[in-house]
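Convention: sequence-line order gives letters A, B, ...; per-chain numbering from 1.
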Amino acid sequence: MAAAVAMAALCRRFTAALRLSGARPGSTLAGLPGLRLNLFHKNLAKAEPLHQLKFLHTTLSRKGLEEFFDDPRNWGEKTVKSGDAWNIKQLRGKSSEDLHKLWYVLLKEKNMLLTLEQESKRQLKPMPSPERLEKVEKSMKNIDLVVKEREIALRLLQTGHEKPVPGEWRHDFLGRTYWYSYKEWPIPWYLNKKYKRRKFYYLPHVDRFIRLRLEKSLRIKARRQNLERTRQKVLERKFPHLAVKSQSQ
Amino acid sequence: MRLSALLCAGRLRLPAGYRHGTWRPGTAAAQLRNPPGLRRRKIFVEPIAREDWKVFRGDTVQVLTGKDAGKQAMVTQVVRARNWVVVEGLNTHYRYVNRTTKYAGTYIASEAPLLLNQISLVDPEDRKPTEVEWRYTEEGERVRVSLRSGRIIPLPLRQRWDGIVPEQWIDGPKDTTVEDALDKTYLPSLKTFEEEIMDAMGIVETRRAKKSYWY
């Protein structure tokens with residue numbers, strides 16, 4: 001109850017700060033003792049070298065909801081300084097533990113920025129420094145890529161396969177060939193009614209349509225090649241030096 | 001390595017006969033002038049390879065033909081799709097902007113783009129137009145060299161998209177220091193990411209997976 005009241009007070013102050021841009025809630029933080037100190041600790045923790053951090057399970061007051069908001073010193077600012085996103089090259093040199101921790105740090109930062117974005121939309125104000133969100137998303141995407149790369153490398157070593165899920169080339173009822181990737185089922189295929197209804201074969205009358213499809217694709221390819229040739233001829237007519245270069249080559 | 005290269009190719013997809021102008025393709029002005037379904041006569045542009053492009057924003061160039069022939073100025077915009085270069089203050093025509101029903105509008109000079117063959121890069125010491133070529137220095141750096149005198153034309157300074165100047169940067173509370181970012185903690189092992197995390201967190205999986213079928 002007290003926590004909810006305190007949280008409501010916090011939200012009100014946050015919105016007030018966004019409304020009066022430039023007004024700093026410096027002295028008003030006395031209403032919530034310990035808030036600024038806790039947040040400051042959090043920020044210091046992020047700046048420490050990652051491999052020295054133990055897992056953060058600090059039990060903060062106010063149920064940790066203040067992590068959805070930025071450092072109170074940045075409330076009301078028009079721009080907030082932020083560094084570059086994490087590069088793939090830098091992330092490739094980090095251990096799995098570090099990447100795991102970094103992912104959650106970035107996730108919390110992303111939640112904070114999304115809250116800020118939504119609040120700015122609600123108040124019809126521009127979000128301060130929206131490029132922070134792009135940088136966080138880029139960093140998270142890079143971490144995902146690095147983990148995927150390592151997984152693929154290990155799988156190639158151990159099994160020789162690149163894809164995580166096995167599959168094969170199959171036909172559909174229209175005669176087209178496509179890559180069918182296997183799915184995980186709890187029952188074998190001969191007991192699976194839904195699977196047995198699917199047709200991975202085609203009947204003989206479809207052969208004619210396969211030929212027509214092939215002819216259509218060949219026609220499209222020929223049209224594209226002819227278009228390229230005519231375009232090249234027009235270019236050579238307009239810019240004669242291109243014709244000379246192609247002849248010398 | 002391959003995966004990253006594949007996924008980095010997600011760029012803006014423009015329609016087939018898109019006519020590029022001096023405006024950026026995503027902006028409101030571009031959408032007004034190039035609505036979806038618009039088909040205009042194709043403009044043939046001399047194909048120049050990406051590596052052979054010589055003129056960049058911030059370069060000093062001299063205009064060779066037209067109204068302002070012989071004058072030098074800085075390049076403010078480059079449109080590679082049409083081999084265009086917009087030079088500051090040169091090749092201008094006049095128009096009214098911010099016109100309303102009551103106000104006639106401000107009369108301003110707006111620059112028209114110039115093609116690459118109407119432009120020439122300028123030797124830094126001579127300050128005369130020269131032909132330029134891409135060559136490699138002894139260190140292996142790729143530079144533009146003026147063919148007449150052999151002097152190197154330095155590349156103009158490029159600002160970062162977020163406005164950060166790396167030399168003047170001071171880390172904030174949420175930034176990792178350079179040493180920590182470049183610190184290599186990775187030890188290659190034959191364990192997957194999930195297994196390594198489980199080891200580090202002391203999670204032991206005692207449950208057995210039920211038999212499942214893959215087809």
Please flag which part of [X] lies under 4.5 Å from any non-hydrogen atom of chain B: side chain, backbone, both or neither.
X	result
A/Gln158	side chain
A/Arg155	neither
A/Lys183	both
A/Val165	side chain
A/Ser82	backbone
A/Leu157	side chain

Output the distance between atom [atom1] ([X]) and atom [atom2] ([Y]), rounded to the nearest 0.5 Å.
X	Y	atom1	atom2	result
A/Lys94	B/Tyr186	NZ	OH	14.0 Å
B/Trp214	A/Trp185	CH2	CH2	11.5 Å
B/Asp180	A/Asp98	CG	CG	10.0 Å
A/His241	B/Glu46	NE2	CD	3.5 Å
B/Ser189	A/Arg150	OG	CZ	9.0 Å
A/Glu97	B/Phe193	CD	CZ	10.0 Å

Flag if over 12 foreign heavy atoms under 6.0 Å of [atom1], [X]:
X	atom1	result
A/Phe239	CZ	yes
A/Glu117	CD	yes
A/Phe173	CZ	no
B/Ile203	CD1	yes
A/Tyr201	OH	no
B/Phe44	CZ	yes
A/Glu168	CD	yes
B/Arg99	CZ	no

Legend entry - Pair B/Arg160 + A/Asp84: basic N to acidic O under 4.0 Å: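 A salt bridge links B/Arg160 with A/Asp84.
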
Legend entry - Residues A/Lys81 and B/Asp175 bridged, charged N to O under 4.0 Å: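 Here A/Lys81 does not pair with B/Asp175 in a salt bridge, since their nearest N and O are not under 4.0 Å apart.
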
Please look at [X] and chain A and tell me whether the side chain, the backbone, both or neither of the residue comes under 4.5 angstrom of a heavy atom of that chain.
X	answer
B/Trp169	side chain
B/Leu190	both
B/Lys191	backbone

Inset, instruction - For B/Glu196 and A/His100, test the side chains for any donor-to-acceptor distance below 3.5 angstrom and give the result as yes or no. - result: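 Their side chains do not contain a donor-acceptor pair, so the 3.5 Å distance test is not met.
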
Inset, instruction - Answer with yes or no whether the side chains of B/Tyr215 and A/Asn192 bring together a donor and an acceptor at under 3.5 Å. - result: yes

Inset, instruction - Return the minimal non-hydrogen interatomic distance between A/Leu242 and B/Pro47, and the atom names on each side. - result: CD1-CD, 3.7 Å

Inset, instruction - Taking all non-hydrogen atoms of both residues into account, name the closest pair between A/Gln90 and B/Ala181 and its distance. - result: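 What the structure gives for the nearest pair is CB-O, 3.9 Å.
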
Inset, instruction - Look at the side chain of B/Thr185 and the backbone N and O of A/Ser95, then say whether any donor-acceptor pair between them is shorter than 3.5 Å. - result: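 It does hold such a pair.
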
Inset, instruction - Say whether, by atom type as modelled, one donor and one acceptor occur between the side chain of B/Lys211 and the main chain of A/Ile187 under 3.5 angstrom. - result: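 Not a single qualifying donor-acceptor pair exists.
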
Do [X] and [Y] make a side-chain contact, defined as non-hydrogen atoms from C-beta onward lying under 4.5 Å apart?
X	Y	answer
B/Lys42	A/Arg231	yes
A/Lys89	B/Leu182	no
A/Ser129	B/Asp162	no

Legend entry - For chain B, the option from A/Gly93, A/Pro186, A/Gly167, A/Pro166 that forms the most heavy-atom pairs under 4.5 Å: A/Gly93

Legend entry - cation_pi(A/Lys135, B/Trp161) dist<6.0 Å, angle<=45: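 Here A/Lys135 passes the 6.0 Å and 45° test against B/Trp161.
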
